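Below is one structure; the comments refer to it alone.
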2 protein chains.
Amino acid sequence: MATVTDPAPRSSKAEQTRQSIIDAAMRLFRSGGYDQATMRAIAEEAGVSVGNAYYYFSSKEHLVQAYYDRIQAAHAEASEQPLADETDFNGRLRGVLLAWVDVAEPYHEFAGKFFKNAAEPSSPLSPFSEDSTAAREAAIELHRRIIDGSDLKLAKGLRDELPELLWLLQMGIVLFWVHDTSEGQRRTRDLVDQSVPIIDRMLRLTRLPGVRGVVDDVVGLIHMIRP
Amino acid sequence: MATVTDPAPRSSKAEQTRQSIIDAAMRLFRSGGYDQATMRAIAEEAGVSVGNAYYYFSSKEHLVQAYYDRIQAAHAEASEQPLADETDFNGRLRGVLLAWVDVAEPYHEFAGKFFKNAAEPSSPLSPFSEDSTAAREAAIELHRRIIDGSDLKLAKGLRDELPELLWLLQMGIVLFWVHDTSEGQRRTRDLVDQSVPIIDRMLRLTRLPGVRGVVDDVVGLIHMIRP
DNA sequence: CTCCATCTTTGAACGTGTTCAACTATGACT
DNA sequence: AGTCATAGTTGAACACGTTCAAAGATGGAG
């Protein structure tokens, strides 16, 4: 979902300042939530001026973006274990999705603030935006690994599109998760537990005669709709 | 998406003031978009003080709700024709969805700003929020009419849940629409044209042996996940 | 070393959504 | 008519995210 926040090369000193601002933001986000962590408070915590914080991060949302990048990195790392342990599609998909819920749990409180970016089309932070291409494709690649390492048999047309479709599924789960106020996001975990086997069964049904025709149409629709 | 903003009985004078604030907001939203329409500008345009505007609308977002309500009302009205003309499910669903694209077209330009705020779970503008319950249920009811007036044959469990599922489909189309920069949102119209027949075919497949079991699981999942 | 262009840093100032204590108008009841 | 609680109204004040002109630091060229 996230985009890269300024990947230009920088001096070590500047990079240090930049990191200290991120760290300060992290601490305040964690301790007091998004609203409490004002730009003034973040700047003070980092030992810089407000204007200086804006020199490195063009908005408070870009600061949240840096936060989100860490979640993505942690999720990629946490996904390695289920991808190594599980061999069937069901287990692999479930493992990766639950890993995300685990990794993201500490950030649930202010995830909504970040999610605002997802809906603003003009924002470079939107998961569908040009600027997010790299991060999005990394996430899609993760889903391709889920499929490729599994026992799943698919028609070729669907196999090519499925990683992106699974990424969309994940976006849907994130949407549910953002709205999930249950303790430890238990309901989201239930959703993953229950829906993954259904997805698995549905995908195996796609080779059924009578179903295959519809699947071909869906693949055709995706091709037509893609930019 | 939004709900009715405060349906309590009021004196005619107060109701008049209330309406003049809404009207002023509409004019400014239309002419200059969301950001230009500041609460100060809206209050001045309505001939009241800022504090008075807040007496009637507890936040700027609640004011936007009134805006949403008008789109929704216009859509409900525009849906009557296809619901009267079309008899098959395919035509009814297509007619209602395209009616939405038609009705919403004038607002596409600043829809992104609106939806950005609506995407935040804590926002009253969120289509999933408590405040939006009335509007959401009206929209779901519209989809129930699509089904009930059509020739579609469904298993009972699915029939009960389908209106809400179709509403979710509509939310997905709205998401696509928000990101759609093509002239007159042609791509969204194409999406509707192409996807509705596929949905139709998929629903008719649900009675196929081998598919029905999965459908039952999906219905069970929905029951488990609903609050 | 001197110069100068560029990178970095500052904090006051701006406009925003929102709040609130104080004020006025309304209308029901004596 | 007088009283008084409630509804309605006001605009200054608050805290916030953000901007900007100005100042300071850095480092390479001559």
Side-chain angles (χ1 to χ4, degrees), chain A residues 5-22 24-25 28-29 32-67 110 112-114 116-117 120 122-125, chain B residues 2 5-22 24-25 28-29 32-67 110 113-114 116-118 120 122-125 131:
Chain A
T5 26
D6 243 325
R10 262 177 309 273
S11 78
S12 146
K13 171 74 185 312
E15 183 58 29
Q16 218 173 324
T17 304
R18 184 189 173 78
Q19 286 301 323
S20 75
I21 294 171
I22 295 182
L28 294 181
F29 280 153
Y34 182 84
D35 288 332
Q36 292 266 337
T38 69
M39 289 302 284
R40 285 167 180 81
I42 292 170
E44 189 179 13
E45 174 89 6
V48 300
S49 69
V50 186
N52 198 220
Y54 274 93
Y55 179 78
Y56 288 101
F57 300 92
S58 54
S59 77
K60 189 177 180 181
E61 295 191 342
H62 278 84
L63 213 33
V64 176
Q65 178 66 27
Y67 209 42
F110 50 88
K113 305 293 181 182
F114 173 81
K116 289 178 73 171
N117 299 327
E120 164 99 76
S122 60
S123 168
L125 279 47
Chain B
T5 26
D6 246 326
R10 261 177 305 275
S11 78
S12 145
K13 171 75 186 311
E15 184 57 29
Q16 217 172 324
T17 304
R18 185 190 172 77
Q19 286 302 323
S20 75
I21 294 171
I22 294 182
L28 293 181
F29 280 152
Y34 182 81
D35 288 331
Q36 292 267 338
T38 68
M39 289 302 284
R40 286 165 179 81
I42 291 170
E44 189 178 15
E45 174 88 6
V48 300
S49 69
V50 186
N52 198 220
Y54 274 92
Y55 180 78
Y56 289 101
F57 300 92
S58 53
S59 76
K60 188 178 180 181
E61 298 197 338
H62 278 87
L63 211 35
V64 176
Q65 276 192 359
Y67 202 56
F110 23 92
K113 287 287 196 299
F114 289 161
K116 169 177 178 170
N117 292 341
E120 192 179 348
S122 60
S123 165
L125 287 183
D131 287 283

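Note that the coordinates shown come from a computational prediction; the quantities given were computed from them, not determined experimentally. Labels below follow one simple rule: chain letters A, B, ... track the order of the sequence lines, proteins then strands, and each chain is numbered from 1.
The interatomic distance linking A/Arg40 (CZ) with C/dA12 (C1') rounds to 10 Å, in whole Å. Whole-Å rounding puts the A/Phe57 CZ to C/dT8 C1' distance at 15 Å. Between B/Gln16 atom CD and D/dG8 atom P there is a gap of 13 Å when expressed in whole angstrom units. In this structure, CE of B/Met39 is placed 10 Å from P of C/dT19, rounded to the nearest angstrom. Counting to the nearest Å, the C1' atom of D/dT18 and the OH atom of A/Tyr54 are 5 Å from each other. Spacing between atom CD1 of A/Ile21 and atom C1' of C/dT9 amounts to 10 Å, rounded to whole angstrom units. Remark: P of C/dT10 and CD of A/Glu44 are 13 Å apart, rounded to the nearest angstrom. A/Glu61 places its CD atom 14 Å from the C1' atom of D/dC16, with the value rounded to the nearest Å.
Take the nearest nucleotide of DNA chain C for B/Asp35 and for A/Val50: the residue whose nucleotide is more 5' is A/Val50. Residues A/Lys60 and B/Gly51 each lie close to DNA chain D; by heavy-atom proximity, the contact nearer the 5' end of the strand is made by B/Gly51.
Comparing C/dT10, D/dG17, D/dT9 by their nearest atom to the side chain of A/Asn52 picks out C/dT10.
In this model, the phosphate group of D/dG8 is approached by a side-chain N or O of B/Tyr55 to a distance below 4.0 Å at OP1 or OP2. An OP1 or OP2 oxygen of C/dG17 is reached within less than 4.0 angstrom by no side-chain nitrogen or oxygen of B/Ser59.
Between the side chains of A/Glu15 and A/Gln19, a donor-acceptor pair is found at a separation under 3.5 Å.
The side-chain tip of A/Arg18 does not point at the ring of A/Tyr55 from less than 6.0 angstrom away and within 45° of straight on.
Residue-environment remark: CD (A/Glu45) exceeds the threshold of 12 foreign heavy atoms within 6.0 Å.
With hydrogens and angles disregarded, a donor-acceptor distance shorter than 3.5 Å links the side chain of A/Lys60 to the backbone of A/Ala37.
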